[in-house]
Amino acid sequence: MVGEEGAFVLGWDEVLTEEELSTTLKVLCMSEEEFKEYKEQDGWEDDSEEEENSTLSNEALSRLKTPCKKLLYDSVLLTLESYGADLKAEQDLLNNKEAYEKLSHREQQALHVRYGQKRILHQLLELVQ
């Protein structure tokens, strides 16, 4: 369901791997009986037209059902815990010109990437609270 990378891709305004995330949330939030019934259907592609045409924009994420929001919230917390430093520490380093300039060009680029990733994850936390 998640593809080769084993991750979902989030942008500032929407989920970029929305089909994978939507299917995963749907399955993980099902009861055992609902899952068996869903699995026995003629293929996984028979979702309603409404679901196929919807996008997982930030607005749509904030309207998810409570179990899906909780699952996303907990997943984001786990992802944030996997980083070595929190968002504030990264922001402080970015704002400290002297410390920032001591970093190699590659370390500076990595810092910007991590900081951007963490900001997107914090935005997602707010949306699904």
Side-chain angles (χ1 to χ4, degrees):
M1 287 183 283
V2 182
E4 292 179 23
E5 299 298 316
F8 302 108
V9 181
L10 306 170
W12 284 110
D13 300 318
E14 65 187 12
V15 176
L16 302 177
T17 53
E18 65 183 280
E19 184 178 336
E20 291 90 345
L21 180 59
S22 180
T23 301
T24 301
L25 288 174
K26 183 176 184 176
V27 169
L28 292 175
C29 292
M30 287 180 177
S31 68
E32 186 176 344
E33 181 152 325
E34 289 171 324
F35 178 70
K36 284 179 185 176
E37 185 178 315
Y38 189 70
K39 206 167 93 170
E40 289 171 1
Q41 289 179 355
D42 292 336
W44 290 75
E45 309 304 322
D46 292 347
D47 289 339
S48 71
E49 194 172 307
E50 177 185 314
E51 289 175 0
E52 289 177 9
N53 292 330
S54 67
T55 60
L56 283 178
S57 65
N58 288 349
E59 184 181 326
L61 287 170
S62 66
R63 291 190 318 257
L64 288 172
K65 293 178 182 175
T66 302
C68 292
K69 288 169 86 172
K70 171 99 172 92
L71 182 63
L72 270 178
Y73 187 86
D74 291 345
S75 298
V76 170
L77 286 179
L78 285 172
T79 303
L80 286 169
E81 287 175 8
S82 71
Y83 286 97
D86 65 5
L87 183 66
K88 175 138 177 40
E90 304 281 11
Q91 189 172 18
D92 291 345
L93 185 54
L94 283 168
N95 291 333
N96 183 335
K97 188 175 179 180
E98 186 178 310
Y100 179 79
E101 289 178 353
K102 288 181 182 178
L103 299 173
S104 70
H105 180 67
R106 189 175 187 160
E107 290 171 323
Q108 290 173 356
Q109 290 177 323
L111 174 63
H112 283 283
V113 169
R114 282 191 318 270
Y115 180 70
Q117 290 172 339
K118 289 176 188 177
R119 286 190 54 212
I120 289 172
L121 290 170
H122 279 273
Q123 175 181 292
L124 182 56
L125 281 178
E126 290 177 18
L127 290 169
V128 296
Q129 272 186 330

Derivation of the side chain to side chain contact (heavy atoms under 4.5 Å, CB included) call for N96 and D92: CA-CA 6 Å; N96 183 335; D92 291 345; over 6 Å; no

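- Within 6.0 Å of CD in Q91 there are more than 12 heavy atoms belonging to other residues, nucleotides or ligands.
- The closest donor-acceptor contact from the side chain of S22 to the backbone of E19 lies at 3.5 Å or more, if one exists at all.
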Working for side chain to side chain contact (heavy atoms under 4.5 Å, CB included), residues L71 and V128: CA-CA 9 Å; L71 182 63; V128 296; over 6 Å; no

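- Distance check, rounded to the nearest 0.5 Å: NZ of K69 to OG of S62 gives 6.5 Å.
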Candidate pair L72 and L21, rule side chain to side chain contact (heavy atoms under 4.5 Å, CB included), full reasoning: CA-CA 10 Å; L72 270 178; L21 180 59; 4.1 Å; yes

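- A donor-acceptor pair is defined here as one N or O able to donate and one able to accept, closer than 3.5 Å; no such pair exists between the side chain of E90 and the backbone of L111.
- Side chains of H122 and E126: a donor-acceptor N/O pair is absent below 3.5 angstrom, by distance only.
- Considering NZ of K88 and CG of N95, their distance stands at 8.5 Å, rounded to 0.5 Å.
- Annotation for T24 and E20: closest pair OG1-O, 2.7 Å, computed over non-hydrogen atoms.
- When the side chains of ILVMFWY residues are joined at heavy-atom separations under 4.5 Å, either directly or via intervening members, Y115 and L124 end up in two distinct hydrophobic clusters.
- Listed here is the closest heavy atom pair of H112 and L94: CE1-CD2, 3.5 Å.
- L121 and L93 fall into different hydrophobic clusters, where Ile, Leu, Val, Met, Phe, Trp and Tyr are joined by side-chain heavy atoms under 4.5 Å apart, directly or via other members.
- For the atom pair CZ of R63 and CG of L56, the computed distance is 10.0 Å after rounding to the nearest 0.5 Å.
- L16 and F8 sit in two unconnected hydrophobic clusters of ILVMFWY residues. Membership requires side-chain heavy atoms under 4.5 Å apart, directly or through other members.
- Atom OH of Y73 is separated from atom CG of L64 by 15.5 Å, given to the nearest 0.5 angstrom.
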Candidate pair M30 and K26, rule side chain to side chain contact (heavy atoms under 4.5 Å, CB included), full reasoning: CA-CA 6 Å; M30 287 180 177; K26 183 176 184 176; 3.8 Å; yes

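- Rounded to the nearest 0.5 angstrom, L80 CG and L87 CG are separated by 8.5 Å.
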Y83 vs Q117, side chain to side chain donor-acceptor pair (under 3.5 Å): CA-CA, chis, key distance, verdict: CA-CA 10 Å; Y83 286 97; Q117 290 172 339; 2.8 Å; yes

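- Here K36 does not pair with E40 in a salt bridge; the nearest charged N to carboxylate O distance is not below 4.0 Å.
- A search for salt bridge (Lys or Arg N to Asp or Glu O under 4.0 Å) contacts involving K70 returns D74, not counting sequence neighbours.
- Both W12 and L61 are assigned to one and the same hydrophobic cluster, defined by single-linkage of ILVMFWY side chains at heavy-atom distances under 4.5 Å.
- Around atom CD of E34, more than 12 heavy atoms belonging to other residues, nucleotides or ligands sit under 6.0 Å away.
- In this structure, L77 is a member of the same hydrophobic cluster as L28, with clusters built from ILVMFWY side-chain heavy atoms closer than 4.5 Å.
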